[in-house]
Amino acid sequence: MLYSQVRGFRISIEVFVVSTLRDIVYENVLEGELYEKLDRNRVRCHACGHCCPIPDGQPGVCKVRYNRGGTLYVPWGYVGGVQCDPIEKKPFFHAYPGALAYSFGMLGCDLHCGYCQNWVTSQALRDPSAISPPLQASPENLVHDALHQGAKVLVSTYNEPLITSEWAVAVFKEAKAAGLLTAFVSNGNGTPQVLEYLRPWIDLYKVDLKSFDDRHYHELGGRIGPILDTIRRLHEMELWLEIVTLLIPGFNDSNDELRRLADFLVSVSPFIPWHVTAFHKDYKMSDPDDTRPDDLLRAVEIGKKAGLRYIYAGNLPGMVGDLEDTRCHNCAETLIKRHSYFIQDYRLTPDGGCPSCGTSIPGRWAAKFEGQIADRPFFPRRASRLVTILN
Ligand code: SF4
């Protein structure tokens, strides 16, 4: 990767690289669809919950959508990275277990979380250390490559996909025509406009609910209101929805905050899967301790008491008992047994029911388990059509 190659020379060349990256990002654009024109050549963007009013000549908070002459330009025609992931890594546990998720990202984010695990792509234009050379791409060659790898799902992820929704929809249209499913892995900072825009083209949606405290969201550069609203709307739209909370000791893991978060999810639906996952030191957040198994178990107990029926403990495989498995919410029969991303056993009936009591299990299920191409991420084996670095 360019980052590791240049690491030793970071001080001398980073300004050059970042300015080049900005030029590349600013040149690979198309007029956006998620905006309205205001007076004095200003525009208002509706792609994320910031709803930025953007003066002529300026970018929005995300740095990748910008106003030139009263027109909003948005990212187009490249990816910041591509990877093949087991769908369990996204994580989706109630959607086509074992499927391969062909995952692409662009650049930029509307938040700036200090613990971001995708900071090389998400903070590419904010942080001089975050260098990720974009690769030229078209919807057709992404879909072609996804099919070639054996993927069942095409996922927009790694940066915040809402801020690059126009590109995602172009890719998803092509994907759906080819019989693929589509998904967002998102911070959930949406608007009614962007969700309606995505609705016809998207099947699965993961929201990273980072906290249940608006002050914490302010520290990350957002507000909790649009995120909770997005979760409610996604459920009403009947998109398949799973929620993840990365449990960060001392930041979002108090009993009170977790109780309020779980109560909120139950108020939307007790059947929404909730993944509580373990934090490890990353990016700028190196102060908190790593999350321990006991912290996850405490959060799971709080979720259970609140009434959530499907709760998973993630990122500590083999250390959380049976909390990687899916069990029937009616009779507790084990339906899917997992170790990390590996499916060890799959017992759902062809119509997605419990073989023991017949209860229908919430989710999107294939008629039968089709095995796993991979239980860990890999780079596409033949991505030759994607490897042109823009310059
Ligand atoms: S995507 Fe969000 S942050 Fe970016 S310009 Fe639009 S409203 Fe602002």
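Both ligands and their constituent atoms are indexed starting at 1 by order of listing.
The environment of R223 atom CZ is sparse: at most 12 non-hydrogen atoms of other residues, nucleotides or ligands sit within 6.0 angstrom. Within 6.0 Å of the NZ atom in K37, the count of heavy atoms belonging to other residues, nucleotides or ligands exceeds 12.
A cation-pi contact, defined as under 6.0 Å to the ring centre and within 45° of the axis, links R338 to F93.
Excluding waters, the set of protein N/O/S atoms under 2.8 Å from atom 4 (Fe) of ligand 1 reads C62 SG.
Between the side chains of E242 and H94, no donor-acceptor pair of N or O atoms lies under 3.5 Å. A side-chain donor from one of S186 and Y205 sits under 3.5 Å from a side-chain acceptor of the other.
Ring planes of F212 and F264: tilted class, angle from 30 to 60°.
At a 4.0 Å cut-off, at least one heavy atom of I54 sits close enough to ligand 1 to count as contact.
Contact annotation: the side chain of K90 never approaches that of L204 to less than 4.5 Å [non-hydrogen atoms, C-beta and beyond].
Against a heavy-atom cut-off of under 4.0 Å, C51 is close to the following atoms of ligand 1: 7 (S).
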